[in-house]
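For reference, the structure discussed in these notes is given below.
Naming convention: chains lettered A, B, ... in sequence-line order (proteins, then strands); numbering from 1 in each chain.
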There are 2 protein chains.
Amino acid sequence: MGLRERKKEKTRLAILDAALELFLEQGYESTTVEQIAGAVDVSPRTFFRYFTSKDHLVLWFHDQSEEILLETMAARPPDEPPFTALMHALRAMLADIEDATPQEHERFLKLRRILDENPRLIGQSVARGTETERRLAEVVAARRGVRADEDQLSHLIVAFAMSTMRVGFECPRSDGSLPEITGRMAESIELAERSLRPGWDA
Amino acid sequence: MGLRERKKEKTRLAILDAALELFLEQGYESTTVEQIAGAVDVSPRTFFRYFTSKDHLVLWFHDQSEEILLETMAARPPDEPPFTALMHALRAMLADIEDATPQEHERFLKLRRILDENPRLIGQSVARGTETERRLAEVVAARRGVRADEDQLSHLIVAFAMSTMRVGFECPRSDGSLPEITGRMAESIELAERSLRPGWDA
DNA sequence: ACCTTCCTGTCACAGTGTGACAGAAGTCAT
DNA sequence: ATGACTTCTGTCACACTGTGACAGGAAGGT
């Protein structure tokens, strides 16, 4: 990996960390891009080269999660029922969070606090989720041997799976610790598995 | 109803119709608030007094639907299983769309075409849905005799119900006619009812 | 060193959304 | 009708987000 790429990754994280810090200090809305850029000695224009929007800062983890979801789905045996495969993918995502560095844990928890305080951002996060759903629906449809355009069930399977993740993530009455959050998510996954009729996704 | 309120409702609809027309003609992004306001001889500032944002134009029907959902839920017998009640609410929403005036049908179909062409807006629509989900979760939790903060299942029930609606609404391979759309939504509701284990939401 | 490629800052700009204020229009008395 | 009263509207000024264009500088390979 060249110096250029290392430098880029460094600024990307510097911007992200500075932004999270400012958001927690003075709130999301009242923090401007100019301030964030200023905190890491970068021009506002450059900020937008790293993150396409201010919201994108907060959706960062979402993008990472999507990657893991898609990778895991690709790796699961093709004859496995799609919803089961999706639940495995969710658990893989969970494991990835747990196995991350303390620094990344820190970011994850800060982000979660910001999300809690700004319902609008949760909405944005869900909004981005629709694109993920579309892609996952393609994968599920392929597994089921149908076209995604023509099969509502494929969409329903994915939508239920994503709902499960979201419910776990919103994580009611949390003290904000990482084990509690991941615990809730695991809980939510089990709940969903128990709620559905065996073989419904076949 | 006084002249003032009638006039207000008239401008609100005039703005909405002009906007939908412009969006279909030249696309959502490339239509400015100034244009919309100009088309109905209103200042841009006034536009924002009727719709809090450009996006809000498109989320208009969402707000209406939420109202019906909440009203129906309040009217359903309290001992009915929550998911069943929610499915009834969805059907009530459907009926409301079908029973509307031709003019309102027109708006609904235009809106849907715009949504189809702008995935970002679907996201926004879903984003607004999270607030609806929160309110519905309160209602469901009350039915189940628990606190919404402490019960993941209440959230899961609502999330599954809203997913069902969305999947029906996205309506793959549609020719765009109203009967087809409502048909797909009904289909989706039945699919969901068949997929869940009896008594899962008790 | 050289040339190429990519990154960055500066400038200019379009567009969304908001606060403040003055004036017009609607409302409701007498 | 005429008055006072409330509510809506337009104008002006403004902060902020996000983008296109261009010039200079840093990193890459030769």
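- Atom NZ of A:K7 and atom C1' of D:dA27 are 8 Å apart (whole Å).
- In this entry the distance linking CD of A:E29 with P of C:dT16 reads 18 Å, nearest Å.
- Going from atom CD of A:Q124 over to atom P of D:dT17 covers 14 Å, rounded to whole Å.
- Between A:F108 and A:F169, the ring planes are perpendicular. Angles over 60° get that label, and only those under 30° would be called parallel.
- By the side-chain hydrogen bond (donor to acceptor under 3.5 Å, both in side chains) test, B:E187 is found to be paired with no residue, residues two or more places apart in sequence or in another chain being considered.
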task = If a protein heavy atom is under 4.0 Å from the base, mark B; if only from the sugar-phosphate, S; if neither, -; do that for nucleotides 2-15 of chain D going 5' to 3'.
result = ----BBSBBB----
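- In this structure A:H56 satisfies the ring pair (Phe, Tyr, Trp, His ring centres under 6.0 Å) test together with A:F51, sequence neighbours excluded.
- The phosphate of D:dC16 has neither OP1 nor OP2 within less than 4.0 Å of any side-chain N or O from A:K54.
- Using a 4.0 Å heavy-atom distance criterion, A:T31 is classed as a sugar-phosphate-only contact.
- By the side-chain hydrogen bond (donor to acceptor under 3.5 Å, both in side chains) test, B:E29 pairs with B:R120, sequence neighbours left out.
- C:dA25 atom P lies 17 Å from atom CZ of B:R6, rounded to whole Å.
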For residues 14-26 of chain B, please give each side-chain donor-acceptor pair under 3.5 Å, one per line with the distance, not counting sequence neighbours.
residue, atom, partner, partner atom, Å
B:D17, OD1, B:R107, NE, 2.7
B:D17, OD2, B:R107, NE, 3.4
B:D17, OD2, B:R107, NH2, 3.2
B:E21, OE1, B:K110, NZ, 2.7

Can you list, pair by pair, the side-chain donor-acceptor contacts under 3.5 Å of residues 4-11 of chain B, counting residues two or more places apart and other chains?
residue, atom, partner, partner atom, Å
B:T11, OG1, B:K7, O, 2.6
B:T11, OG1, B:K8, O, 3.2
B:T11, OG1, B:Y50, OH, 3.2

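- We find that B:R184 and B:E170 are not joined by a salt bridge, their nearest charged nitrogen and carboxylate oxygen being 4.0 Å or further apart.
- Spacing between atom NE2 of A:H56 and atom P of D:dT17 amounts to 16 Å, rounded to whole angstrom units.
- The interatomic distance linking A:F51 (CZ) with D:dT17 (P) rounds to 15 Å, in whole Å.
- Rounded to whole Å, the distance from CG on B:L3 to C1' on C:dC28 is 14 Å.
- Under the rule for a side-chain contact (heavy atoms from CB on, under 4.5 Å), the partners of B:D116 that lie at least two apart in sequence or sit in another chain are B:R112.
- When rounded to the nearest whole Å, the span between CD1 of B:I36 and C1' of C:dG17 equals 14 Å.
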Pair up each side-chain donor or acceptor in residues 80-93 of chain A with any protein partner under 3.5 Å, not counting sequence neighbours, and list the distances.
residue, atom, partner, partner atom, Å
A:E80, OE1, A:R76, NE, 2.9
A:E80, OE2, A:R76, NH2, 2.8
A:H88, NE2, A:R76, NH2, 3.4
A:R91, NH2, A:E193, OE1, 2.9
A:R91, NH2, A:E193, OE2, 2.8

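- Fit an axis to the five pairs at each end of the helix from C:dT4-D:dA27 to C:dT30-D:dA1 and the two axes sit 30° apart, to the nearest 10 degrees.
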